[in-house]
Amino acid sequence: MLQVKVPATSANLGPGFDCMGLAVRLYNTFTAEANDRLEFHLKGTYCDHIPLDSNNLFWKTACILWKKIGYTPKPLKITIQGDVPPARGLGSSSTAVVGGLLIANALANYPFNRFELLRLATEIEGHPDNVSPALYGGITLTVMTDTGVVPRILSKNPSFKVVVVIPDILIETEKARSILPAFVPRNDAVFNSSRVGLLVDAFIREDYPLLSIATQDRIHQNQRASLIPGMPEALDSALQAGAYGAALSGSGPTLIAFCPEGVGQDVAENMQKALAENHLESTCLTLDIDPEGAVIYEQTNG
Ligand code: HSE
């Protein structure tokens with residue numbers, strides 16, 4: 001029996017659209033056992049909307065890896081413990097992609113190393129910002145090139161806490177991408193690229209007060225604000241309550257704030273209040289960064 005535990009992730013971190021991300025200590029766990037047919041079992045907090053047939057993303061991803069190496073898929077009993085809320089901007093699809101690749105790779109006797117799995121996961125997702133921290137843990141910058149990806153782990157154990165405020169609405173990434181303009185004005189490109197530089201510097205040097213500027217964005221957050229009523233006010237209110245910085249998590253609707261010790265509760269309350277004033281209910285979690293990324297275990301029964 002194989003089990004893989006994959007962390008939730010937050011992508012973009014403000015200006016780092018499609019390239020920056022981080023992993024948090026909140027997990028989806030996938031277990032695979034030999035079986036006479038393909039069978040799914042669901043456990044955990046978030047199990048709605050998960051296809052329980054060959055359209056399941058974990059299974060489809062496993063089949064992509066097996067096809068690449070000419071391995072004939074064998075039926076499995078797959079148990080999904082879903083604790084990452086889906087369609088909220090916390091990388092739940094990436095947990096299925098990374099989990100499917102790691103288990104398929106193990107069942108095929110490990111033809112790919114983790115870097116090769118990142119390339120494959122990026123091909124499948126189209127961008128590496130969630131799958132990279134899901135595979136490596138920590139805070140990552142991952143650059144796509146013509147031939148593959150260059151992943152950099154910037155930090156594994158930062159001293160801040162991450163507050164995530166999860167609005168009670170679903171946003172499909174495809175929709176949140178489709179509303180973005182295809183071209184970015186030059187001054188916005190300069191605004192974002194300068195802040196991505198600052199963001200990397202802030203994480204490497206652990207100079208977290210820089211995050212108030214380094215998490216600013218002009219190329220996707222405001223463009224998505226119509227999907228999340230109260231988002232700009234909630235992000236501002238996080239800073240007023242003492243957060244180092246705050247951003248939209250992935251394509252939303254979750255918001256993320258980087259908090260020094262002791263301010264997390266005030267930050268969460270402020271953000272939730274700003275959303276509630278716009279008739280958006282939410283839940284919040286205070287999380288640490290996951291430092292190791294997806295972990296696969298081989299278990300023997302008994
Ligand atoms: N970078 C992606 C986006 C993350 O913002 O659309 C969501 O998959």
Side-chain angles (χ1 to χ4, degrees), residues 5-27 83-84 88-91 94-95 98 114 118 128-143 150-166 192-217 221 234-250 254-268 270-271 284-295:
K5 187 175 117 181
V6 190
T9 49
S10 177
N12 302 329
L13 313 185
F17 184 72
D18 279 0
C19 60
M20 299 279 307
L22 57 78
V24 288
R25 288 187 188 269
L26 175 70
Y27 303 92
D83 293 322
V84 179
R88 300 305 214 297
L90 285 169
S94 296
T95 69
V98 164
R114 207 162 267 236
L118 172 63
D129 45 348
N130 289 107
V131 288
S132 187
L135 273 162
Y136 289 111
I139 303 172
T140 57
L141 163 70
T142 310
V143 175
V150 181
R152 307 297 297 169
I153 301 165
L154 307 174
S155 172
K156 289 226 169 211
N157 291 295
S159 59
F160 55 74
K161 296 272 179 194
V162 166
V163 167
V164 290
V165 172
I166 309 167
N192 269 52
S193 57
S194 55
R195 278 157 183 77
V196 171
L198 199 61
L199 195 55
V200 169
D201 188 60
F203 288 136
I204 290 179
R205 293 181 202 258
E206 303 182 4
D207 191 348
Y208 304 130
L210 285 177
L211 293 177
S212 63
I213 298 168
T215 50
Q216 293 170 344
D217 161 79
Q221 291 191 168
L235 295 180
D236 282 349
S237 76
L239 269 63
Q240 281 159 22
Y244 290 129
L248 179 64
S249 181
T254 294
L255 308 178
I256 178 172
F258 303 90
C259 296
E261 202 66 48
V263 308
Q265 195 173 341
D266 287 351
V267 168
N270 263 21
M271 292 172 92
C284 87
L285 297 170
T286 301
L287 300 165
D288 285 313
I289 299 296
D290 168 283
E292 60 184 349
V295 178

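Numbering of residues begins at 1 and proceeds along the displayed sequence.
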message = For a side-chain hydrogen bond (donor to acceptor under 3.5 Å, both in side chains) check, start with the C-alpha distance between Thr254 and Ser249, then their side-chain angles and the critical distance, and finish with the verdict.
response = CA-CA 5 Å; Thr254 294; Ser249 181; 5.5 Å; no

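At least one side-chain heavy atom of Leu235 sits under 4.5 Å from a side-chain heavy atom of Leu255. Looking at Val162 and Thr286, their side chains never come closer than 4.5 Å, going by heavy atoms from C-beta outward. Within the 4.5 Å cutoff, no side-chain heavy atoms of Thr9 are placed close to those of Val24. A 4.5 Å side-chain heavy-atom check between Met20 and Val200 finds at least one atom pair inside the cut-off. Between Val163 and Ile256 the shortest side-chain heavy-atom distance does not fall below 4.5 Å.
Scanning for salt bridge (charged side-chain N to carboxylate O under 4.0 Å, His left out) contacts around Asp207 gives an empty result, with sequence neighbours left out. Under the side chain to side chain donor-acceptor pair (under 3.5 Å) criterion, Thr215 pairs with no residue at all, not counting sequence neighbours. Considering only residues two or more places apart in sequence or on other chains, Ala11 meets the side chain to side chain contact (heavy atoms under 4.5 Å, CB included) condition with Asp129, Asn130. Residues satisfying the salt bridge (charged side-chain N to carboxylate O under 4.0 Å, His left out) criterion with Asp266, sequence neighbours excluded, are absent altogether. Checked against salt bridge (charged side-chain N to carboxylate O under 4.0 Å, His left out), Asp236 has no partners two or more places apart in sequence or in another chain.
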List the atom pairs, donor and acceptor, that lie under 3.5 Å between side-chain atoms in residues 287-294 and the rest of the protein, sequence neighbours left out.
unit_1	atom_1	unit_2	atom_2	d
Asp288	OD1	Lys161	NZ	3.0
Asp288	OD2	Lys161	NZ	3.3
Asp290	OD1	Glu292	N	3.0
Asp290	OD1	Gly293	N	2.6
Asp290	OD2	Tyr27	OH	2.6

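Closest of all the heavy-atom pairs between Ser212 and Leu239 is CB-CD2, 3.9 Å. Between Ile139 and Pro158, the closest heavy-atom pair is CD1-CG, 4.0 Å. Of all the heavy atoms in Ser10 and Gly250, the pair that sits closest is OG-N, 4.4 Å. Nearest heavy atom pair, residue Val267 against residue Ala257, reads CG1-CB, 3.7 Å. The minimum heavy-atom distance linking Pro7 with Pro133 is given by the pair CG-O, 4.3 Å. Nearest heavy atoms, Val263 versus Ala241: CB-O, 3.8 Å.
Here the OH-OH distance, from Tyr208 to Tyr244, works out to 8.0 Å after rounding to the nearest 0.5 Å. For the atom pair CG (Leu22) and CZ (Phe258), the distance works out to 5.5 Å, reported to the nearest 0.5 Å. Note that CE of Met271 and CD1 of Ile166 are 11.0 Å apart. Values are rounded to the nearest 0.5 Å. Atom CG of Leu285 is separated from atom CZ of Arg25 by 14.5 Å, given to the nearest 0.5 angstrom. With rounding to the nearest 0.5 Å, the separation of OG1 in Thr142 from CZ in Arg152 is 10.0 Å. Rounded to the nearest 0.5 angstrom, Leu118 CG and Ser132 OG are separated by 5.0 Å.
Just one residue in the list Pro151, Cys19, Pro128 forms a side-chain contact (heavy atoms from CB on, under 4.5 Å) with Leu141, and that residue is Cys19.
With 3.5 Å as the limit, one finds a donor-acceptor pair spanning the side chains of Asp217 and Asn192.
Judged purely by atom type and a 3.5 angstrom limit, Asn12 has no side-chain atom pairing as donor or acceptor with the backbone of Gly21.
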